[in-house]
Amino acid sequence: MSVDQEVLTEREQAEPVSTATVIAYAIFGVLLTSWFLFIWLVVQKGFVDSVGEVAGIGFALLLLVAIVGSVRRNGR
């Protein structure tokens, strides 16, 4: 029995995540959680509506991050 291993080139290997990126993700997480609590408890919009609104904002932010990352990667 043998195990085939693929050798990744230097370009295919994942780049380490910077500290600024981790801090930005943490800030966005805190902001989304705060926005959820504000919409749910202060505005009293309803739990499901609040979750839906925050999920939509979160997915839009992830899409933005993916687009910026792909543009930056192709620019190199």
Side-chain angles (χ1 to χ4, degrees):
M1 185 185 316
S2 66
V3 177
D4 293 331
Q5 294 181 351
E6 293 184 21
V7 178
L8 297 176
T9 63
E10 186 175 317
R11 182 176 178 175
E12 293 173 340
Q13 293 179 352
E15 297 177 17
V17 179
S18 69
T19 305
T21 303
V22 173
I23 291 172
Y25 287 158
I27 290 172
F28 282 130
V30 168
L31 287 175
L32 285 175
T33 303
S34 301
W35 185 249
F36 165 74
L37 291 173
F38 176 76
I39 293 296
W40 184 37
L41 298 174
V42 176
V43 178
Q44 297 181 350
K45 195 170 186 178
F47 181 79
V48 175
D49 289 337
S50 301
V51 169
E53 184 171 339
V54 170
I57 294 169
F59 287 134
L61 286 173
L62 287 175
L63 179 63
L64 181 66
V65 167
I67 291 170
V68 169
S70 66
V71 167
R72 287 185 65 195
R73 185 175 185 102
N74 287 334
R76 292 181 185 180

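Values below: every heavy atom of this structure, side chains too, minus hydrogens, waters and symmetry copies.
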Where Phe36 and Phe47 come nearest, the two heavy atoms and their spacing: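 Closest pair (atom of Phe36, atom of Phe47, distance): CZ-CE1, 3.5 Å.
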Inter- and intrachain pairs under salt bridge (charged side-chain N to carboxylate O under 4.0 Å, His left out), touching [range], at least two apart:
range: residues 56-69; value: none
range: residues 26-42; value: none
range: residues 24-43; value: none
range: residues 18-39; value: none

Could you go through residues 51-70 and list every donor-acceptor pair under 3.5 Å that involves a side-chain atom there, pairing it with any protein atom two or more places apart or in another chain?
from, atom 1, to, atom 2, distance (Å)
Glu53, OE1, Lys45, NZ, 3.1
Glu53, OE2, Trp35, NE1, 3.0
Ser70, OG, Ala66, O, 3.3
Ser70, OG, Ile67, O, 2.9

Side-chain donor-acceptor distances from residues 19-32 under 3.5 Å, at least two apart:
from, atom 1, to, atom 2, distance (Å)
Thr21, OG1, Ser18, OG, 2.8

